[in-house]
Amino acid sequence: FYNNITAQKQTKLEKQIEKILSKMTLEDKVGEMTQVTIDVISKGKPYHLEEPHQLDDAKLEEALVKYRVGSVLNCGGHAYSRDHWYGIMTTIHKYASKKKTGIPVLYGIDAIHGTNYTLDATLFPQQITQAASWNPALTREAGRITAYETRASSIPWTFSPVLDIGRDARWPRLWETFGEDVYLASTMGEALVKGYEGDNNQVHDPNHIAACMKHFLGYSVTLTGKDRSPAWIPERQLREYFVPTFQKAIEAGAHTIMICSGEMNGIPVHADKKILTDLLKDELGFKGIVLTDWEDIKYLYSRHRVAEGDYDAIKMAVNAGIDMSMVPTDLSFPKVLLKLVKDGEVPMSRIDDAVRRILWVKLKLNLFEKPVTNPKDYPKFASAEHAQSAYNGAVEAITLLENKNNILPLSKNDQVLVTGPTANSMNCLNGGWTNTWQGTETKYNTKGKLTVLGAIEKLVGKDKVTYVEGTKFDEAVDIKAAANAAKGKKAAIVCIGENPYTELVGNIGDLALPQAQVDLVNAIAETGTPIIFVMVEGRPRLVNKIADKANAVVMGYLPGNEGGRAIADVLFGEANPSGKLPITYPREPHSLHTYDHKGTDRVHSDFSGNGVNPQWEFGHGLSYTTFKYSNFKINKKELTASGNVEFSVEVTNSGKREGKEVVQLYITDLVASITPAVKRLRGFDKISLKPGETKTVTFTITPRDLAFVGMDNKWTTEPGKFTATIAGETVDFEFKGKVVKF
Ligand code: BGC
């Protein structure tokens with residue numbers, strides 16, 4: 001039950017929980033299970049709050065004292081100052097302590113790339129960008145600082161990390177994931193949980209916060225590629241590709257989890273007992289709070305139509321295993337749940353289970369002793385040190401996809417044109433969930449942060465830089481002027497990509513880069529000036545029509561507040577790029593493969609093996625130096641059930657600059673009872689090498705690392721031959737013995 005704490009403390013905690021529980025009435029309990037948005041206790045109406053924001057005493061009294069609401073979330077529309085947050089939390093806890101049980105309120109917020117709902121907080125790269133660094137230590141550090149700054153905003157709980165696997169380029173939340181690979185995403189997810197919660201999940205420490213893994217389960221691969229539309233995922237695939245990230249984070253001690261808004265195989269996940277109780281609580285052993293997503297119990301009737309109304313829907317969800325309902329805009333939930341329990345439709349044991357979990361988290365967070373942390377105790381909020389960390393995260397993620405004739409890095413003496421819709425926008429660099437939900441509002445942006453244009457100007461001097469906007473996201477502004485300005489320049493830095501978005505608002509009908517941006521590139525290409533793409537985008541917008549016009553391509557993803565500087569530093573050689581794609585960058589709209597596709601995907605209509613031809617491959621990324629791989633070896637050719645094999649490879653920096661390289665180990669199962677993927681990532685290590693330096697990198701692989709989910713839906717390793725690949729070199733080995741089940 002109680003991860004990572006001593007047996008003695010366990011009993012103490014258990015006793016505390018039982019003592020509190022024994023004094024609670026049913027009204028207290030259903031109140032604890034209720035989460036409302038801050039709008040419910042603020043002046044104004046939900047989604048239309050009065051400005052400036054103010055809490056409303058009568059509403060506080062009703063929600064927190066009369067209905068004993070256990071949790072509040074969100075920001076009521078936009079980011080606030082730390083002082084305002086402190087005032088909010090102090091008032092909320094004043095009301096919470098008025099009720100008989102005195103149980104503190106648990107406040108949660110989407111702090112997903114830094115404390116993005118607090119003005120001036122450190123804003124890190126979004127998760128897809130973090131994954132591109134292939135450096136979990138940086139992500140852990142981002143989590144640690146986010147925890148600190150969230151506590152500096154008096155909030156103890158974040159709805160992060162996203163552990164959905166980003167296997168569909170169309171999905172508008174792709175950028176909120178750690179990319180398409182299960183192993184990479186599991187590794188990064190674990191790092192982020194540990195960053196938030198601490199090495200030993202010591203969330204009672206007021207420098208740490210509770211994590212909320214989301215969105216369990218099967219959210220990211222809808223049939224249409226649109227947000228919250230139906231998914232069909234058979235159990236075998238579900239277990240192999242979608243469960244492992246959550247399993248790893250549960251093992252890492254994450255305290256809470258949020259459920260997927262969508263439906264899987266015709267069943268809304270919020271009503272699916274097999275997923276919420278049998279799999280999550282019983283099999284995976286998750287002991288923390290199971291929270292709904294926004295309004296999702298109501299959606300059981302208003303969207304999914306598996307229930308007739310609140311009564312039906314709440315019964316379904318709570319009996320399926322929901323512990324807390326993000327209702328979130330009214331107080332219907334506790335009233336209806338009370339009636340359901342009185343009617344015998346929801347057993348008291350289920351209610352007690354839910355409340356025990358909620359109390360466990362509140363006690364672990366030390367909210368009873370210290371319900372509100374004070375901003376003045378957090379002097380490092382938004383410090384230069386934290387900004388440096390956000391910069392480090394961004395600069396290690398920037399991915400150099402093309403560099404013909406080594407046109408990059410540019411010289412700081414070169415005259416350049418900077419153009420395109422993402423060149424001069426902080427919002428484009430930060431993406432959604434930045435000061436506002438969609439991240440499009442400019443007025444809350446931190447002053448003094450640099451866009452790509454601003455950072456280039458600062459680095460090389462304004463006299464070297466001409467800026468013409470060229471286009472908006474999908475509308476020409478002054479393409480001709482941009483092309484004219486490109487003439488005679490050493491290079492045109494064309495910043496293409498997307499505006500910020502998230503969730504349904506980010507749904508698209510066409511993955512191609514909008515025509516206006518294509519026109520801009522074509523117009524500049526006609527001048528003969530070399531073109532450098534800087535791509536600032538949350539998903540891979542297709543560039544196949546213009547890719548050959550680019551002499552270099554720099555993938556920036558959504559690099560955050562320090563991302564402009566990071567991109568400029570890469571362009572002009574202040575930094576050596578070391579990011580690698582955490583997704584496959586598709587070439588064609590109807591060829592959306594992942595790198596770990598099956599062999600049949602390769603078979604082209606002309607019967608050649610050219611069926612998979614992405615624009616850029618998963619794991620790809622160039623450097624300003626070169627790396628030579630040699631002596632790829634395995635210590636023995638045969639692996640046994642209880643043994644392991646060790647791979648080693650020597651990597652030499654054969655170029656002239658210091659650089660970082662991500663050594664990637666892929667393994668192919670040559671024959672298996674379930675069609676094997678062409679390859680799977682089974683290990684990676686990011687190393688730093690000085691010119692001429694050589695390092696030996698080793699990976700240890702056990703039979704469990706080779707497992708797939710078999711016909712019986714169990715993790716299985718079958719005897720037979722395997723091929724391991726590092727940087728194009730291969731070695732073969734064999735797993736000897738019987739089939740192993742895990
Ligand atoms: C999103 C969640 C988010 C929640 C609370 C939902 O619409 O799907 O990811 O945590 O809102 O803001």
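Counting starts at 1 for both ligands and their atoms, in listed order. Predicted model only: the values in this text are computed from it and were never measured.
Near Arg173, with a cut-off below 4.0 Å to any heavy atom, the atoms of ligand 1 are 1 (C), 2 (C), 8 (O), 9 (O). For ligand 1, the atoms lying closer than 4.0 Å to a non-hydrogen atom of His215 are 2 (C), 8 (O), 9 (O). Per-residue contacts place Lys214 under 4.0 angstrom from the following atoms of ligand 1 (heavy atoms of the residue considered): 2 (C), 3 (C), 9 (O), 10 (O). Numbered from 1 in the order shown, with element, the atoms of ligand 1 that lie under 4.0 Å from a heavy atom of Met258 read 2 (C), 10 (O). Below 4.0 Å from some heavy atom of Glu503 lie the following atoms of ligand 1, by number and element: 1 (C), 6 (C), 7 (O), 8 (O).
Between Arg541 and Glu498 there is a salt bridge, since a side-chain N of the basic residue sits under 4.0 Å from a carboxylate O of the acidic one. Salt bridge status for Arg170 with Asp168: present, with a side-chain N to carboxylate O gap under 4.0 Å.
Considering backbone and side-chain N/O of Trp433, none are found under 3.5 Å from N/O of ligand 1. When only interatomic distances are considered, the shortest N/O to N/O separation between Arg228 and ligand 1 falls below 3.5 Å. Some N or O of Asp293 is nearer than 3.5 Å to an N or O of ligand 1, by distance alone.
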inquiry  = Go through it in stages, so that I can follow the logic: the residues are Thr146 and Tyr196, the test is side chain to side chain donor-acceptor pair (under 3.5 Å), and I'd like the CA-CA distance, side-chain angles, deciding distance and then a yes or no.
reply    = CA-CA 7 Å; Thr146 302; Tyr196 290 143; 5.2 Å; no

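When each of Arg68, Lys66, Lys99 is checked for a salt bridge (Lys or Arg N to Asp or Glu O under 4.0 Å) with Asp28, only Arg68 meets the rule.
A heavy-atom separation below 4.0 Å is found between Leu73 and ligand 1. The shortest heavy-atom distance from Glu176 to ligand 1 is not under 4.0 Å.
A heavy-atom distance below 4.5 Å is found between the side chains of Thr118 and Phe381.
With Thr434 contributing its side chain and Gly439 its backbone, the two residues share no donor-acceptor pair below 3.5 Å.
Judged by the 6.0 Å and 45° rule, Lys214 forms a cation-pi pair with Trp433.
Of all protein heavy atoms, the one closest to atom 12 (O) of ligand 1 is Asp110 OD2, 2.5 Å.
A distance of 6.0 Å or more separates the ring centres of Trp85 and Tyr117.
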